[in-house]
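Inspection log for the structure reproduced underneath, given as structure tokens.
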Amino acid sequence: MGSEQHYGNGVGAAAGDSNEKPTVCFLGPVSSYTHQATLDTFPSDKFNLIPVETIKDIFDTTQSGRANYGVVPFENSSNGSVVFTLDQFADRASEYPDLSVCAEIYLDVHHCLLGHFSPSQSQSQSRPQGQEVEVKHVKRVYSHPQAFGQCVEFLRQHLRGVETIDVSSTSKAASLAKADATGESAAISSAAAAELLGLDVLARNIEDREDNTTRFFVLRRGRDSPASEEALERVLRERKRWDLDGGEGEGEGDVYSQTKSLASFTVPHRSPGALADVLECFRRARLNLTSINSRPSLVKPFQYVFFVEFEGHLFCDPEGRVRDVLKNVAEVAQRSRWLGSWDRMR
């Protein structure tokens, strides 16, 4: 399990602390993108924030009750779904029977290459954005697999042949680069990590797309009623008003288009039309599917757990369409599970 020490930057104690503030766990260390997304939604004066080491730790800590909420990366606009998170939602060992998604967070992600300037290059000599990057001294780059997938073009142009090493988070990558005094190690991480650790920024905005965005889910323990934490609800209301009305959102709409749900299911893989039968349930209920994913079930080779995200909210369902579709899916699938409902933020 990840460390749960006291840290700066809004990071506090674990659930059950005497100050009674709700506790939120996130993928650490401090300054990770998940930490930044957490701070955007959970102000440190109202919540205790604790970093953990892996995505599985977030699920474990929230399920155990040591944290009231957990924040996990779910998908990136450039590199797709975070398979480590999907694997935990698959819950193959039935470890997380009480967890559900109650909110989403969007974070615009701009990556930097962090490390140490070469002996021949002082900080004052660092090149402006858009000019050639001097990274000939870099022999290895650490980062999270998702971050590597979002910076393919930069790696191809400037670091071809350099060893890339997967680690649990981008902030962990920055710590490893910091520890290498030779300057041969670098990290794809954030400007916040560079500031926190005192690393040099070798290159900025190295992501393939300027609109690179990661979506995070907020987990809670509870499945029978909507989340009722007043501080969280207040922040989410303000964020939704900004994102949908003050930002680039589509404005007001019906309750189904303004909310989302996530469900998982399995089907008999040798039964013709079994997957189509499940998807037909959503068409009949007039519920728009916004994404479909799959992960190996690990029951038999090449059999899968499917995930569908769709418009509608189980606890705000005036026409009963979400309730009906979940019932109908349960009747035609081998196994199915509702994984949460939340207000759409974009």
Side-chain angles (χ1 to χ4, degrees), residues 55-65 67-75 80-104 215-228 256 259-269 271 273-285 287-300 302-317 320-344:
I55 288 173
K56 186 179 189 308
D57 288 342
I58 299 171
F59 280 75
D60 289 339
T61 304
T62 309
Q63 171 65 39
S64 70
N68 303 89
Y69 300 99
V71 180
V72 294
F74 184 69
E75 67 173 340
S81 299
V82 180
V83 296
F84 308 101
T85 300
L86 286 176
D87 282 340
Q88 302 312 311
F89 276 126
D91 198 15
R92 301 176 183 95
S94 300
E95 297 177 273
Y96 313 117
D98 304 314
L99 295 188
S100 63
V101 180
C102 65
E104 66 179 8
R215 184 163 64 123
F216 300 80
F217 280 164
V218 179
L219 304 176
R220 68 175 182 113
R221 185 177 179 180
R223 295 172 51 83
D224 298 328
S225 60
S228 58
Y256 289 96
T259 56
K260 287 186 177 181
S261 294
L262 181 69
S264 65
F265 62 89
T266 60
V267 297
H269 282 256
S271 177
L275 177 57
D277 288 342
V278 173
L279 300 182
E280 173 66 12
C281 295
F282 293 91
R283 190 195 67 80
R284 290 201 309 266
L287 292 173
N288 183 39
L289 293 177
T290 57
S291 72
I292 303 175
N293 285 286
S294 66
R295 292 296 293 158
S297 69
L298 302 186
V299 175
K300 291 183 179 180
F302 308 110
Q303 294 191 4
Y304 300 92
V305 179
F306 294 97
F307 301 89
V308 289
E309 189 175 355
F310 59 96
E311 292 181 347
H313 196 300
L314 181 59
F315 302 121
C316 186
D317 186 22
R321 286 193 265 161
V322 175
R323 182 186 65 249
D324 288 347
V325 81
L326 293 174
K327 175 178 177 291
N328 292 335
V329 167
E331 291 174 352
V332 298
Q334 279 184 322
R335 181 171 61 89
S336 66
R337 177 177 174 181
W338 169 80
L339 294 170
S341 297
W342 61 93
D343 287 345
R344 182 173 68 86

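Owing to the predicted nature of the structure, the values given are computational and were not obtained by experimental measurement.
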| field | Pair R337-D91, salt bridge (Lys or Arg N to Asp or Glu O under 4.0 Å): steps then yes or no | value | CA-CA 10 Å; R337 177 177 174 181; D91 198 15; 2.9 Å; yes
| field | Stepwise side chain to side chain contact (heavy atoms under 4.5 Å, CB included) check, S291 with F307 | value | CA-CA 8 Å; S291 72; F307 301 89; over 6 Å; no
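- In terms of modelled atom types and a separation under 3.5 Å, the side chain of N328 and the main chain of C281 share no donor-acceptor contact.
- V218 places none of its side-chain heavy atoms less than 4.5 Å from the side chain of V101.
- At a threshold of 4.5 Å between non-hydrogen side-chain atoms, the residues I55 and P73 count as touching.
- A donor-acceptor pair is defined here as one N or O able to donate and one able to accept, closer than 3.5 Å; such a pair exists between the side chain of S261 and the backbone of G312.
- In summary, the aromatic rings of W338 and F310 are positioned with their centroids too far apart to meet the 6.0 Å limit.
- Using a 4.5 Å heavy-atom cutoff, the side chains of R221 and S64 are not in contact.
- Within the 4.5 Å cutoff, the side chain of R335 has heavy atoms near those of the V305 side chain.
- In terms of modelled atom types and a separation under 3.5 Å, the side chain of S100 and the main chain of G222 share a donor-acceptor contact.
- Using a 30° and 60° split on the angle between ring planes, F59 and Y96 fall in the tilted class, from 30° to 60°.
- A salt bridge links E309 to R215: one of the charged nitrogens lies within less than 4.0 Å of a carboxylate oxygen.
- With respect to the salt-bridge test (charged N to carboxylate O, under 4.0 angstrom), the residues D324 and R284 do not qualify.
- At a cut-off of 3.5 Å, with distance as the only test, no side-chain donor of D343 or T259 sits close to an acceptor on the other residue.
- Considering F315, F217, F216, F74 as possible partners of W342, the one that fulfils the ring-ring contact (aromatic ring centres under 6.0 Å, His included) test is F217.
- Taking the six-membered ring where tryptophan is involved, the planes of F306 and F265 are essentially parallel, since the angle between them stays under 30° and well short of 60°.
- L219 and T62 make their closest contact through O-CG2, 4.0 Å (heavy atoms, listed as atom of the first residue, atom of the second, distance).
- Between E95 and K56, at least one side-chain N (NZ, or NE/NH1/NH2) sits under 4.0 Å from a carboxylate O, which counts as a salt bridge.
- Shown here for I58 and V71, the closest heavy-atom pair between the two residues is CD1-O, 3.2 Å.
- In this structure, the side chains of I292 and L279 come closer than 4.5 Å at one or more pairs of heavy atoms.
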| said: The test is side chain to side chain contact (heavy atoms under 4.5 Å, CB included); show your working for T290 and V308 and say whether it passes. | reply: CA-CA 8 Å; T290 57; V308 289; over 6 Å; no
| request: Would you please test K260 and H313 for side chain to side chain contact (heavy atoms under 4.5 Å, CB included) and show each step? | output: CA-CA 6 Å; K260 287 186 177 181; H313 196 300; over 6 Å; no
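- Checked by atom type, the side-chain pair N288/Y256 shows no donor-acceptor distance below 3.5 Å.
- In this structure, the side chains of Y69 and C102 come closer than 4.5 Å at one or more pairs of heavy atoms.
- Between the side chain of S81 and the main chain of V83, no donor-acceptor pair closer than 3.5 Å is present.
- Between atom CG of residue L326 and atom OG of residue S341 there is a gap of 7.5 Å, rounded to the nearest 0.5 Å.
- You'll find the side chain of R295 reaches within 4.5 Å of the side chain of D87, heavy atoms only.
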| Where do R220 and D98 land on the salt bridge (Lys or Arg N to Asp or Glu O under 4.0 Å) test, with the steps shown first? | CA-CA 8 Å; R220 68 175 182 113; D98 304 314; over 6 Å; no
